[in-house]
Colleague: 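This is the structure I want to talk about, given as structure tokens.
Along the sequence shown, the residues carry numbers beginning at 1.
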Amino acid sequence: QLAASGGGLVQAGGSLRLSCVASGRTFGGYAVGWFRQAPGNERKWVAAIALRDVTTIYADSVEGRFTISGDNARNIVYLQMDSLKREDTAVYYCEAGTVLRWVQVQSKYRYWGQGTLVTVSS
């Protein structure tokens, strides 16, 4: 239902843009979030956007480096990642179908999909 893409190998300090596309349904103006999971670690929330009013929020670890944006009409959400660090290495997942107050809680999302791997080298 959700397809994340755009991952790859990048050097520290570089940039990548991830995309999240909804197929078979729309985002419906609800919130869309990005999570990431590094090897051996639990999945952690990264950023979210409430498509109804374009409110965005970020985890402290990515604030000022990552930018989330979206187009509700086209059912696509982006995560622009700049000034990447080695610790940003992870599989990134997009999830959708919640409201802003719950965006940091994975269990509150209704839809999710396969992730995309981001590897940041030194």
Side-chain angles (χ1 to χ4, degrees):
Q1 295 177 339
L2 298 181
S5 62
L9 175 64
V10 63
Q11 288 189 327
S15 299
L16 281 174
R17 187 177 78 162
L18 307 183
S19 300
C20 175
V21 177
S23 59
R25 63 177 63 250
T26 68
F27 286 132
Y30 286 97
V32 177
W34 285 95
F35 289 74
R36 67 185 180 186
Q37 187 167 17
N41 292 342
E42 62 182 9
R43 192 171 300 189
K44 296 181 179 179
W45 172 74
V46 174
I49 182 169
L51 291 171
R52 195 176 302 276
D53 60 5
V54 203
T55 300
T56 59
I57 58 173
Y58 300 91
D60 289 344
S61 59
V62 306
E63 179 83 52
R65 300 188 298 121
F66 290 12
T67 303
I68 189 170
S69 62
D71 186 333
N72 194 41
R74 295 178 59 211
N75 295 318
I76 188 165
V77 169
Y78 300 104
L79 184 67
Q80 176 67 41
M81 306 186 297
D82 299 317
S83 302
L84 283 162
K85 305 176 181 179
R86 289 191 64 187
E87 51 264 43
D88 294 318
T89 295
V91 177
Y92 284 71
Y93 300 87
C94 62
E95 304 192 11
T98 189
V99 295
L100 194 63
R101 65 177 296 189
W102 295 115
V103 293
Q104 298 184 44
V105 182
Q106 189 183 356
S107 63
K108 295 295 187 179
Y109 287 84
R110 296 174 64 186
Y111 311 109
W112 56 90
Q114 293 182 327
T116 185
L117 175 63
V118 172
T119 303
V120 184
S121 63
S122 59

Colleague: What side-chain hydrogen bond (donor to acceptor under 3.5 Å, both in side chains) pairs are there with at least one residue in residues 108-122, not counting sequence neighbours?
Modeller: R25-Y111
Colleague: Once you round to the nearest 0.5 Å, how far does CZ of F66 lie from OG1 of T56?
Modeller: 14.0 Å
Colleague: Inspect the surroundings of CD in E87 and state if more than 12 heavy atoms from other residues, nucleotides or ligands are less than 6.0 Å away.
Modeller: yes
Colleague: When clusters are formed by joining ILVMFWY residues with side-chain heavy atoms under 4.5 Å apart, either directly or through shared neighbours, do Y58 and V120 land in the same one?
Modeller: yes
Colleague: What pairs of donor and acceptor atoms, side-chain ones from residues 27-54 against any protein atom, are under 3.5 angstrom apart with sequence neighbours left out?
Modeller:
| unit_1 | atom_1 | unit_2 | atom_2 | d |
| --- | --- | --- | --- | --- |
| R36 | NH1 | D88 | OD1 | 2.8 |
| R36 | NH1 | Y92 | OH | 2.9 |
| Q37 | NE2 | N41 | O | 3.0 |
| R43 | NH1 | E95 | OE2 | 3.3 |
| W45 | NE1 | A47 | O | 3.2 |
| D53 | OD1 | T55 | N | 3.1 |
| D53 | OD1 | T55 | OG1 | 2.8 |
| D53 | OD2 | T55 | OG1 | 3.1 |

Colleague: Quick check on the hydrophobic clustering: are I76 and V103 connected, directly or via other members, by side-chain heavy-atom contacts under 4.5 Å?
Modeller: no
Colleague: Once you round to the nearest 0.5 Å, how far does CG of L117 lie from OG1 of T89?
Modeller: 8.0 Å
Colleague: Could I get the full list of side chain to side chain donor-acceptor pair (under 3.5 Å) partners for D82, not counting sequence neighbours?
Modeller: S15, Q80
Colleague: Kindly work out whether a path of hydrophobic side-chain contacts (I/L/V/M/F/W/Y, heavy atoms less than 4.5 Å apart) joins V99 to V105.
Modeller: yes
Colleague: For the atom pair CG (D71) and OH (Y78), what is the distance rounded to the nearest 0.5 Å?
Modeller: 7.0 Å
Colleague: Verify the cluster assignment for I68 and L100: are they in a single hydrophobic cluster under the rule of side-chain heavy atoms below 4.5 Å apart?
Modeller: no
